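Shown next, in structure tokens, is the structure this report addresses.
It should be emphasised that the depicted structure is a prediction, and the values quoted were computed from it without experimental measurement. We use all heavy atoms of the structure for the numbers below, so side chains are in, but hydrogens, waters and symmetry mates are not.
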Amino acid sequence: MISLAKCFQARQVVVSVCVAAGLLLYVCLTLSSCSMQYPQRRPGRYLIPEGYVGWVTIKYRVKDAPALPIEDGRYLINLPASGHAQTSSEQEYGWANDDYFYYSPDGRRRQLKVTGWGSGGMIWGQSNGKEMANGNEVIFERFFVGTEEEFKRKGATTAPSP
């Protein structure tokens, strides 16, 4: 005959296993729902002319514009001196870790920091969207390049229309 103490121990083991399995299931479901809420996209690599300060605008799905090339698994957006580019590529939505560089005429690149307030960042006010212009849908993204002070002085209230 099984003693009462052994029955109690066996019950504790079963309860502990059930609790552990439940916690594991909860963690797995939480992580999978997070990844479904925030889909990933291919990251971008933005090449900005050395010394450029101001708003950058990229228009997507523009007929007869070149498709974005890929460099190291990233879309390569090489911006001209105007800071405005067009591509026939689709804009992707979701989470990614983009990178931003100033480039010089000799091809050298200097990475620009993306930070929160007060940490020396150079990229601000990133947004994307759709607007109607002359009866056509314009799909765009834009951001400000410059110091935090420049953004507060020049950019925070002057985002251009695409």
Side-chain angles (χ1 to χ4, degrees), residues 23-162:
L23 285 173
L24 181 62
L25 180 63
Y26 174 77
V27 168
C28 289
L29 289 174
T30 300
L31 290 176
S32 69
S33 76
C34 287
S35 68
M36 285 187 279
Q37 279 183 311
Y38 301 105
Q40 289 192 344
R41 61 174 172 80
R42 182 183 297 271
R45 173 164 291 153
Y46 299 84
L47 302 183
I48 303 157
E50 185 71 40
Y52 180 88
V53 173
W55 284 99
V56 165
T57 303
I58 299 119
K59 294 181 183 177
Y60 291 85
R61 250 198 292 171
V62 176
K63 186 179 179 184
D64 298 326
L68 293 175
I70 296 175
E71 177 181 89
D72 300 330
R74 296 171 176 273
Y75 285 120
L76 185 65
I77 301 97
N78 195 342
L79 293 151
S82 67
H84 304 292
Q86 297 181 345
T87 178
S88 59
S89 299
E90 293 286 331
Q91 184 175 29
E92 292 185 10
Y93 298 95
W95 182 88
N97 188 14
D98 300 322
D99 53 24
Y100 304 82
F101 293 87
Y102 269 149
Y103 70 88
S104 60
D106 65 4
R108 284 181 293 143
R109 297 178 184 179
R110 179 170 57 97
Q111 190 159 15
L112 301 175
K113 289 173 37 176
V114 180
T115 68
W117 300 113
S119 298
M122 289 289 291
I123 304 297
W124 307 97
Q126 296 104 319
S127 66
N128 57 35
K130 298 177 185 179
E131 289 185 4
M132 294 301 290
N134 300 322
N136 297 314
E137 183 179 62
V138 178
I139 300 169
F140 67 93
E141 76 174 298
R142 65 180 161 220
F143 55 88
F144 187 86
V145 180
T147 64
E148 182 177 344
E149 184 57 40
E150 288 169 322
F151 176 65
K152 288 178 180 176
R153 197 168 9 102
K154 297 182 198 176
T157 59
T158 61
S161 256

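To the nearest 0.5 Å, atoms CG (Asn78) and CG (Leu68) are separated by 10.5 Å. Summarising the geometry, atom OG1 belonging to Thr87 is positioned 11.0 Å from atom CG belonging to Leu76; distances are rounded to the nearest 0.5 Å. Rounding to the nearest 0.5 angstrom, the gap separating the CD atom in Glu141 from the CD1 atom in Ile77 is 6.5 Å. Atom CD1 of Ile58 and atom CZ of Phe140 lie 11.0 Å apart (nearest 0.5 Å). A distance of 10.5 Å separates CG of Asp98 from CZ of Arg45, quoted to the nearest 0.5 Å. To the nearest 0.5 Å, atoms CD (Gln91) and OH (Tyr75) are separated by 11.0 Å.
Of the possible polar contacts, one joining the Ser82 side chain to the His84 backbone as a donor-acceptor pair under 3.5 Å is found. Looking only at distances, no side-chain donor or acceptor of Arg142 sits under 3.5 Å from a matching main-chain atom of Gly125. In this structure, Ser88 contributes its side chain and Ala65 its backbone to a donor-acceptor pair below 3.5 Å.
Counting heavy atoms from C-beta on, the side chains of Tyr103 and Tyr46 never come closer than 4.5 Å.
Among all heavy-atom pairs drawn from Pro43 and Gly73, the shortest one is CD-O, 4.0 Å. The two atoms that bring Tyr93 and Arg41 nearest to each other are O-CB, 3.8 Å, heavy atoms only. Nearest heavy-atom pair across Glu92 and Arg42 is OE1-N, 2.9 Å. Counting all heavy atoms, side chain and backbone alike, Pro80 lies closest to Ala85 at CD-CB, 4.4 Å.
Checked options Trp124, Tyr52, Phe143; the residue passing with Tyr100 is Phe143 (criterion: ring-ring contact (aromatic ring centres under 6.0 Å, His included)).
A salt bridge links Glu137 with Arg61; the closest basic N to acidic carboxylate O contact falls under 4.0 Å. The residues Glu50 and Arg110 are annotated as salt-bridged, a charged nitrogen and a carboxylate oxygen being separated by less than 4.0 angstrom.
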Report the C-alpha distance between Val138 and Lys130 in whole Å, list the side-chain angles of each, state the deciding distance to 0.1 Å, and finish with yes or no for side chain to side chain contact (heavy atoms under 4.5 Å, CB included). CA-CA 5 Å; Val138 178; Lys130 298 177 185 179; over 6 Å; no
Between Val53 and Val145, does the side chain to side chain contact (heavy atoms under 4.5 Å, CB included) criterion hold? Intermediate values first, please. CA-CA 5 Å; Val53 173; Val145 180; 5.8 Å; no
As a quick check of understanding, evaluate side chain to side chain contact (heavy atoms under 4.5 Å, CB included) for Phe144 and Glu150, giving each step before the final call. CA-CA 9 Å; Phe144 187 86; Glu150 288 169 322; 4.2 Å; yes
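Other residues, nucleotides and ligands contribute over 12 non-hydrogen atoms within 6.0 Å of the CG atom of Asp106.
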